[in-house]
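Structure first, commentary second.
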Amino acid sequence: MFESEQKRIETQIRAYCEAHDLPVGDISWSWIPFSGNWGISASFFQLAADDSRAKGLKVNVPQRAQEITHGIAKNLELSEAFERVEAVKGYLNIYFSNKIYAMRIIDAVLSEKERYGRGKSSGQRVMMEFSQPNTHKAFHVGHLRNVILGNAVCNILDSAGHDVIRANYLGDIGLHVIKWMWCYLKYHNGEMPSGDITRWMGDLYAEASRRHEDEPDAEGEIRALFARWDRRDPDVVALWERTRQWSLDGFDEIYRTLNVKFDHLYFESEVEDSGKEIVDELIAKGLAVDERPENPVVVKLDELCGTKEKYRVLVVLRSDGTSLYATKDLSLAIRKFEEFHLDRSIYVIDVRQSLYMQQIFKTLELMGYPWTKNCYHLAYEIVNLPGNVTMSSRDGTVVFLQDLLDEATARALKIVEEKNPDLESETKQSIAHKVALGALKYSMLSRDNTKIVTFDWEAALDFNGQAAPYIQYAGVRANSILRKAGGVIPEPLALEYELTAVEVELIDLISRVPKEIQRAAAEQKPLFIANLAFDIAQAFNNFYRQCPVIQAEPQVRDFRLRLATASRQAIVNCLALLGIETPEVM
RNA sequence: GCCCUCAUAGCUCAAUUGGAUAGAGCGUUUGCUUGCGGAGCAAAAGGUUGGGGAUUCGAAUUCCUCUGAGGGCACCA
């Protein structure tokens with residue numbers, strides 16, 4: 001927003017430093033950390049310390065920094081975009097002109113609308129692989145974090161200016177599928193899913209796991225079925241195709257509910273054969289050791305890299321020749337780069353697979369693929385139940401997604417009924433859905449990726465405080481003001497009154513959106529956006545309370561109307577990045 | 001045994017990536033509606049940033065060490 005002015009100031013500072021024989025390095029600006037102030041701030045401690053070291057002097061660094069800062073401040077020539085400059089405790093604070101700053105920000109938001117905050121195109125193509133559900137298994141709250149996080153990071157990368165390809169990789173084959181089919185054939189042959197498809201599939205998988213453990217013959221029968229699959233026995237393939245589709249239909253429904261879309265779908269089954277060819281290649285190149293049928297095919301990474309207990313050993317093929325996750329992942333990684341010419345490939349996978357991901361990337365590197373340095377594992381911590389219980393479909397300790405959504409929506413609906421009894425019931429439903437889903441998404445995105453989320457019903461269904469409904473509500477209030485004012489946004493106008501502290505605060509936070517998007521994209525942390533959205537909402541609620549809009553005199557009223565509209569836009573944009581919708585009313 | 005995370009207010013989490021006075025929410029106590037929507041606002045109380053050391057003008061943030069919790073390490077995904 002003030003880049004050109006900032007550059008001119010830097011030039012002046014450099015000139016001053018050179019004239020006074022000071023070793024000026026990078027000048028890093030941050031905002032002035034006191035509420036009610038707009039401007040940029042730079043510290044000169046480092047410069048003072050470097051200077052005294054270079055000249056062999058022993059000085060009091062803070063004092064020297066203050067002297068330098070004072071000297072710079074005195075000689076600085078400011079454009080009219082700035083109001084004043086001050087030297088405080090070694091910091092050079094340059095204050096923007098209220099009028100110009102406030103107008104620039106609000107004008108930018110209102111003219112760019114839903115594009116406010118977006119970065120310039122980087123020309124970088126990034127593939128994000130996320131969700132990766134297994135067919136023939138349940139979809140529970142533990143899987144939710146992946147989808148929500150992956151989706152939000154996609155939105156953020158896109159907004160930051162990258163070309164994002166959203167990929168899903170479906171685990172439609174593997175031991176779990178064979179186990180499921182074994183149980184189906186033996187105990188449920190001919191049955192059709194009823195009700196919630198994904199739940200039904202998951203229940204049958206849980207039964208399969210139980211029987212697998214309990215029945216002595218199970219292991220052998222499952223292996224035999226896997227062998228038939230490997231030979232592509234037509235009956236097995238037909239069953240697989242039919243039952244797999246059930247799961248896929250169920251997933252579609254879930255993604256529709258969550259409002260998540262993918263650009264490209266990969267299936268494990270389609271990289272199984274090519275994966276085995278990669279294994280042959282690994283063996284031929286001497287990278288993998290083949291001791292079948294006694295032992296599996298392995299890549300002894302530590303031996304190959306000269307490391308100790310770092311990369312361990314990667315198993316790439318079972319001793320009976322059937323494929324593993326790694327078999328397919330190697331092939332998939334190559335395919336991604338060949339098909340899409342990626343600049344970066346990001347995998348959203350939980351933290352427990354960190355070593356595995358390193359092994360895959362290392363193996364690819366040893367195979368000579370130059371792009372492996374552009375592969376990145378975006379690790380996130382899992383969602384646990386209270387008492388550190390990990391959700392497991394086998395133990396039945398899961399919270400089903402649908403149950404949670406139903407309960408959350410029911411509670412939200414109850415509140416909507418109280419607040420807005422006159423709305424059409426369809427509208428109420430839609431609002432309840434947006435609020436419930438928003439609360440759920442926000443609760444997972446408002447903490448760092450490396451933090452374990454402990455799921456508990458009370459917290460997940462709490463709509464008060466730092467939560468999505470609070471932020472949505474601020475957006476709704478802004479909307480309400482605008483509606484009451486006739487729905488017309490006033491034309492850009494000069495600021496003709498003294499802004500109050502809360503207005504300054506609010507505009508300041510709105511102005512941070514573009515930078516925070518870049519920061520969130522660079523670190524793949526939706527948390528930054530989640531926090532900013534909350535801060536803006538909080539500042540808006542303050543503004544709402546303290547600053548009358550409609551009853552204010554015309555010039556103030558028009559300016560505040562524009563500010564309220566810009567606030568709503570900023571909130572809507574931030575929430576959209578998190579995959580959360582802002583209703584018109586609630 | 002080796003490796004990876006995490007530890008901040010009673011609880012759940014932040015902290016502009018090494019900067020100025022460590023901030024929110026929940027919970028507790030107390031106020032605010034003849035004002036644009038109270039899913040709101042304000043105030044109070046609550047802190048030796050797990051312990052110790054080092055680097056630095058400056059450390060919740062970097063390094064070392066100890067403690068505690070969780071996770072990973074050959075044919076699950």
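To find a chain, count down the sequence lines: A is the first, B the second, and so on, and within it residues start at 1. All values derive from a computational prediction rather than experimental measurement.
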Side-chain-base donor-acceptor pair under 3.5 Å for A/R545 and B/C41: no
Below the 4.0 Å mark, does B/A74 have OP1 or OP2 next to a side-chain nitrogen or oxygen of A/Y325? no
Taking N and O atoms by type only, does the side chain of A/R312 place a donor or acceptor under 3.5 Å from a partner on the base of B/C2? yes
C1' atom, B/U62 versus B/U56: distance in rounded Å? 10 Å
Under a 4.0 Å heavy-atom cutoff, the residues of residues 350-357 of chain A touching RNA chain B are A/R352, A/Q353, A/L355, A/Y356
So that I can compare with my own list, what are the stems of RNA chain B, taken as at least three consecutive Watson-Crick or G-U pairs with distances under 3.5 Å? B:1-7 with B:67-73, B:10-13 with B:23-26, B:28-32 with B:40-44, B:50-54 with B:62-66
Atom CZ of A/F226 to atom P of B/C75: distance rounded to whole Å? 15 Å
Hey, what are the protein-to-nucleotides 15-22 of chain B N/O distances that come in under 3.5 Å?
{"from": "B/U16", "atom 1": "O2", "to": "A/W31", "atom 2": "NE1", "distance (Å)": "2.6"}
{"from": "B/U16", "atom 1": "N3", "to": "A/W31", "atom 2": "NE1", "distance (Å)": "3.3"}
{"from": "B/U17", "atom 1": "N3", "to": "A/E523", "atom 2": "OE2", "distance (Å)": "2.7"}
{"from": "B/U17", "atom 1": "O4", "to": "A/E523", "atom 2": "OE1", "distance (Å)": "2.3"}
{"from": "B/U17", "atom 1": "O4", "to": "A/E523", "atom 2": "OE2", "distance (Å)": "2.1"}
{"from": "B/G19", "atom 1": "O2'", "to": "A/Y91", "atom 2": "OH", "distance (Å)": "2.3"}
{"from": "B/A20", "atom 1": "N6", "to": "A/S41", "atom 2": "OG", "distance (Å)": "2.5"}
{"from": "B/A20", "atom 1": "N6", "to": "A/N93", "atom 2": "OD1", "distance (Å)": "3.1"}
{"from": "B/A20", "atom 1": "N1", "to": "A/N93", "atom 2": "OD1", "distance (Å)": "3.4"}
{"from": "B/A20", "atom 1": "N1", "to": "A/N93", "atom 2": "ND2", "distance (Å)": "3.2"}

Of A/L317 and A/V435, whose closest RNA chain B nucleotide lies nearer the 5' terminus? A/V435
A/Y470 and A/Y473 aromatic centres sub-6.0 Å: no
What is the nucleic acid contact for A/R292, judged by heavy atoms within less than 4.0 Å: base, sugar-phosphate only, or nothing? nothing
Please work out which residues in residues 376-384 of chain A have a non-hydrogen atom less than 4.0 Å from an atom of RNA chain B and list them by number. none
A/F361/A/Y347 under ring-ring contact (aromatic ring centres under 6.0 Å, His included): CA gap, chis, key distance, verdict: CA-CA 11 Å; A/F361 297 158; A/Y347 295 75; 5.5 Å; yes
Take A/I510 and A/S567 through the side chain to side chain contact (heavy atoms under 4.5 Å, CB included) test and state the conclusion after the steps. CA-CA 7 Å; A/I510 292 172; A/S567 303; 3.7 Å; yes
Under 3.5 Å donor-acceptor pair, A/T450 side-chain atoms to B/C6 base atoms: no
When rounded to the nearest Å, what value does the distance between C1' atoms of B/A9 and B/U5 take? 24 Å
At under 4.0 Å between heavy atoms, what does A/R557 touch on the DNA or RNA strands: base, sugar-phosphate, or nothing? nothing
Take the protein atom CG of A/L445 and the nucleotide atom P of B/G25, then report the distance between them rounded to whole Å. 20 Å
Taking the six-membered ring for Trp, are A/Y544 and A/F540 parallel (under 30°), tilted (30 to 60°) or perpendicular (over 60°)? tilted
Who pairs with A/D508 by side-chain hydrogen bond (donor to acceptor under 3.5 Å, both in side chains), at least two apart in sequence or on another chain? A/R512
Which protein N or O atoms sit under 3.5 Å from an N or O of nucleotides 10-12 of chain B?
{"from": "B/U12", "atom 1": "O2'", "to": "A/R447", "atom 2": "NH2", "distance (Å)": "3.4"}

